[in-house]
2 protein chains.
Amino acid sequence: MSDPSLAHRPTLEAVAARAGVSRATASRVVNGSDGVRAPLAERVRRAVDELGYVPNQAARTLVTRRNDAVAVVVAEPETRFFSDPFLTQQVRGISKELTARDNQLVLLLTEGAADYERVGRYLAGGHVDGALLFSLHDDDTLPALARRAGVPTVIGGRPSWSDADTLYVDCDNRGGARDAVTYLLDGGRRRIGHIAGPLDQTASVDRLEGFRDALPGTDPRMIAEGDFTPEGGARAMAALLEHCPDLDAVFAASDVMASGALRVLRTRGIKVPEDIAVVGFDDIVSVAEWTDPPLTTIRQDIEEMGRMMARLLLRRVSPSAGDADGPALSSIITPTRLVVRASA
Amino acid sequence: MSDPSLAHRPTLEAVAARAGVSRATASRVVNGSDGVRAPLAERVRRAVDELGYVPNQAARTLVTRRNDAVAVVVAEPETRFFSDPFLTQQVRGISKELTARDNQLVLLLTEGAADYERVGRYLAGGHVDGALLFSLHDDDTLPALARRAGVPTVIGGRPSWSDADTLYVDCDNRGGARDAVTYLLDGGRRRIGHIAGPLDQTASVDRLEGFRDALPGTDPRMIAEGDFTPEGGARAMAALLEHCPDLDAVFAASDVMASGALRVLRTRGIKVPEDIAVVGFDDIVSVAEWTDPPLTTIRQDIEEMGRMMARLLLRRVSPSAGDADGPALSSIITPTRLVVRASA
DNA sequence: ATGAAAGCGCTAACAA
DNA sequence: TTGTTAGCGCTTTCAT
């Protein structure tokens with residue numbers, strides 16, 4: 001009942017036999033280590049082709065203790081993995097980078113604390129060489145788990161604690177927010193409100209900081225907390241409107257919240273950007289380009305952040321490989337950029 | 001330079017020694033095979049706990065030829081994996097099912113034909129016990145690749161060819177479309193147009209069929225082809241309006257296209273649903289609940305479809321396991337359901 | 001530069 | 001019921 005084609009799979013032994021060399025030599029050629037004379041190497045390569053040989057990863061892992069696989073762990077998909085293209089895009093970047101370096105991506109989605117034990121076991125099981133952690137809460141135990149398992153780790157988004165050897169990749173949330181508000185100020189806006197994300201996430205806090213950098217001493221009632229959903233954005237917009245009827249601009253901490261805000265403004269017949277200008281954050285294209293009017297926003301290169309995370313992790317996994325292995329590894333803050341559309 | 005914690009990892013040998021039994025007995029306990037007397041088993045379990053033993057998967061795979069891992073292969077992410085939460089949701093269902101059966105999910109994203117070779121090698125490499133294939137085009141070579149690699153496969157969405165042992169999971173596209181149109185007819189609509197998806201995808205074709213089932217002999221100009229993007233939906237809507245100014249309803253083959261259509265209608269001051277009723281397809285909640293007005297649509301249980309794919313594949317991988325292994329495996333068509341919101 | 005041989009940690013016959 | 005033993009396919013010293 002076992003699969004015939006698997007049974008057929010040629011081993012290194014077979015390749016060696018066909019090429020008339022020892023298994024050791026065949027192995028050397030397959031792994032590209034030098035010190036095999038050209039003609040021999042050529043014969044081995046031909047044998048590989050003819051037989052359609054593919055190395056058995058399990059056997060290889062058993063001896064090298066290398067998996068060439070990396071886990072992507074997403075804490076609580078319900079939060080964002082669902083509707084937000086954010087993670088999807090990031091995963092795509094990760095996938096590209098991993099692929100380029102012949103690593104595989106093992107996806108671990110968790111539904112809550114109960115799953116953490118399973119993830120911990122998995123990481124401790126040495127199935128992967130490293131882990132990329134996403135969507136952590138404030139006091140998430142996942143990083144500790146990974147550390148205990150002895151698995152090198154890189155975190156997506158600045159964690160709430162800071163710690164010498166915690167590596168993360170995040171965009172310049174604070175600088176981006178500052179740019180957004182500065183742009184509004186340059187456009188002559190004076191009564192600028194802020195729709196913040198949930199303030200137990202660092203991204204929200206950092207964006208709020210940026211807002212304050214540009215607008216120190218803002219009346220707290222000009223700031224409303226949302227939750228990164230359209231509904232939350234709508235509620236926050238309504239609150240803002242109530243507290244400050246003479247508002248002339250809003251900076252929302254995410255495009256998705258901005259879309260909820262725009263909706264409220266439309267419903268009330270408030271013209272955007274004439275009466276109130278709106279700036280978002282993220283540049284989730286499928287959202288920002290399709291709001292009415294299209295959204296001016298702060299762009300972060302999400303896919304690139306994914307790539308960087310993967311690259312960082314891979315260097316952490318095997319410090320020697322790839323790059324000119326000099327500089328110590330450190331966290332990365334990627335730049336943001338204002339994208340002007342119609343809403344501001 | 002190798003990770004200390006990995007070096008420390010106890011082997012089965014160590015467990016056996018500590019429990020004072022042979023490696024074979026320890027293995028039996030760990031793998032839950034019966035025939036080990038209770039007290040011995042207990043001692044082994046204690047040793048496992050004390051040592052924090054976790055089986056080495058590579059060693060296990062090497063002998064069992066089982067990976068307990070499944071690949072999810074997505075052809076051309078640019079198409080949908082990007083903005084469409086569809087795949088994300090499906091992956092989530094897959095993940096849940098796989099997790100429940102102690103299997104891992106290896107994600108393989110491809111960017112085009114060049115990547116197929118890599119995927120083929122990977123599948124042929126016996127790294128995974130099976131593969132789930134998504135977003136195939138009409139003449140996609142991926143299934144052939146997987147077959148050649150001898151890897152059991154289940155496809156997401158009805159493939160364009162049909163073939164005794166090609167297993168797939170899809171929703172009842174045709175029936176759902178029929179229901180949508182019937183609902184419009186029951187509501188008294190008489191001039192009903194259709195915004196189709198790209199007709200080189202079976203989902204689009206099937207939905208068009210369903211439309212025709214309910215409305216045989218429809219003037220071809222009442223049907224406009226979109227491409228599953230908002231832009232495409234908008235263009236198709238404009239075309240429809242031009243050809244049939246007296247339109248009183250539209251059935252769009254996806255929520256995303258419907259959102260584009262709604263936008264055009266709003267721009268032209270056409271009231272929805274008063275002047276023109278709109279029904280979508282998919283029930284992507286983050287889209288359908290947030291259009292203006294919220295979208296009446298045909299719901300498919302995307303996550304459940306993911307679960308079913310995983311379940312089907314796992315049964316195909318090891319026919320004996322799990323269920324009361326009687327019935328032959330067959331493709332699955334899941335039901336759809338009308339969800340009434342405000343647009344129709 | 002090449003080959004022989006010793007395992008990596010585990011499971012599964014086979015013996016006892 | 002338990003233990004002994006032979007590999008699974010590969011990499012990697014160590015000889016040659």
Side-chain angles (χ1 to χ4, degrees), chain A residues 1-3 6-45 47-48 51-68 102 124-127 129 318, chain B residues 1-3 6-45 47-48 51-68 124-127 129 318 320:
Chain A
M1 187 94 327
S2 81
D3 194 324
L6 289 182
H8 289 162
R9 193 120 49 77
T11 70
L12 190 56
E13 185 75 54
V15 171
R18 176 155 195 135
V21 302
S22 75
R23 208 167 59 220
T25 298
S27 173
R28 289 179 187 116
V29 173
V30 167
N31 291 298
S33 69
D34 39 38
V36 176
R37 237 184 276 275
L40 265 202
E42 192 40 55
R43 267 177 25 221
V44 171
R45 268 189 289 270
V48 165
L51 263 35
Y53 170 77
V54 183
N56 178 316
Q57 183 63 34
R60 190 177 260 177
T61 296
L62 189 53
V63 33
T64 61
R65 277 126 193 307
R66 255 288 225 144
N67 294 92
D68 296 315
D102 264 307
H127 304 247
D129 304 325
S318 48
Chain B
M1 187 92 329
S2 81
D3 193 321
L6 290 183
H8 289 163
R9 193 120 48 79
T11 70
L12 190 56
E13 185 75 53
V15 172
R18 178 159 193 130
V21 302
S22 74
R23 210 167 58 220
T25 297
S27 171
R28 289 179 187 116
V29 173
V30 167
N31 292 296
S33 69
D34 40 39
V36 176
R37 240 184 276 275
L40 266 201
E42 193 40 54
R43 270 182 16 226
V44 172
R45 268 188 290 268
V48 165
L51 263 35
Y53 169 77
V54 183
N56 177 317
Q57 184 63 32
R60 191 178 257 176
T61 294
L62 189 54
V63 33
T64 61
R65 276 125 197 307
R66 257 291 225 144
N67 295 91
D68 295 316
H127 304 246
D129 303 326
S318 48
S320 50

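First the proteins, then the strands, lettered A, B, ... as listed; each starts at 1. None of the values given here were measured: they were computed from a predicted structure.
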Report yes if some heavy atom in the side chain of A:T11 is under 4.5 Å from a heavy atom in the side chain of A:N56; otherwise report no. no

Can you pull out every salt bridge (Lys or Arg N to Asp or Glu O under 4.0 Å) where at least one residue sits in residues 33-43 of chain A? Sequence neighbours excluded, please. A:E42-A:R45

Could you list by number each residue of residues 33-45 of chain A showing a heavy-atom separation from DNA chain C of less than 4.0 Å, or answer none if no residue does? A:G35, A:V36, A:R37, A:L40

Take atom CG of A:L62 and atom C1' of C:dG7, then tell me their distance rounded to the nearest Å. 9 Å

The helix from C:dA1-D:dT16 to C:dA16-D:dT1: angle between its terminal axes, five pairs each, to 10°? 40°

Can you check each nucleotide of nucleotides 10-16 of chain C against protein heavy atoms at under 4.0 Å and return B for base, S for sugar-phosphate only, - for none, in 5' to 3' order? BBBB---

B:A26 and B:V15: which non-hydrogen atoms are nearest, and at how many Å? CB-CG1, 4.5 Å

Residues in side chain to side chain donor-acceptor pair (under 3.5 Å) contact with A:D68, at least two apart in sequence or another chain: A:R66

Taking any atom under 4.0 angstrom from a heavy atom of chain A, which nucleotides of DNA chain D are the first and last to qualify, 5' to 3'? D:dG9 to D:dT13

Sorted by position of nearest nucleotide on DNA chain D, 5' first, the leading residue of B:S22 and A:T25 is B:S22

Quick note, salt bridge (Lys or Arg N to Asp or Glu O under 4.0 Å) partners involving residues 52-64 of chain A, not counting sequence neighbours, are none

List for me each residue that meets side chain to side chain contact (heavy atoms under 4.5 Å, CB included) alongside A:V54, sequence neighbours excluded, and say none if there are none. B:A124

Determine the minimum heavy-atom distance between A:V21 and A:V44, stating which atoms define it. CG2-CG2, 3.9 Å

Checking B:N67 now: which residues fulfil side chain to side chain donor-acceptor pair (under 3.5 Å) with it, not counting sequence neighbours? none

Could you give all pairs that pass the salt bridge (Lys or Arg N to Asp or Glu O under 4.0 Å) test and reach residues 10-25 of chain A, with sequence neighbours left out? A:E13-A:R23, A:R18-A:E50

Residues forming a side chain to side chain contact (heavy atoms under 4.5 Å, CB included) with A:R28, sequence neighbours excluded: A:A24, A:T25, A:S33, A:V36

With sequence neighbours excluded, what pairs up with B:A17 under the side chain to side chain contact (heavy atoms under 4.5 Å, CB included) test? none

Locate the shortest heavy-atom distance separating B:A58 from A:T61; write the atom from each residue and the value. CB-CG2, 3.7 Å

Do A:L12 and A:P55 make a side-chain contact, defined as non-hydrogen atoms from C-beta onward lying under 4.5 Å apart? no

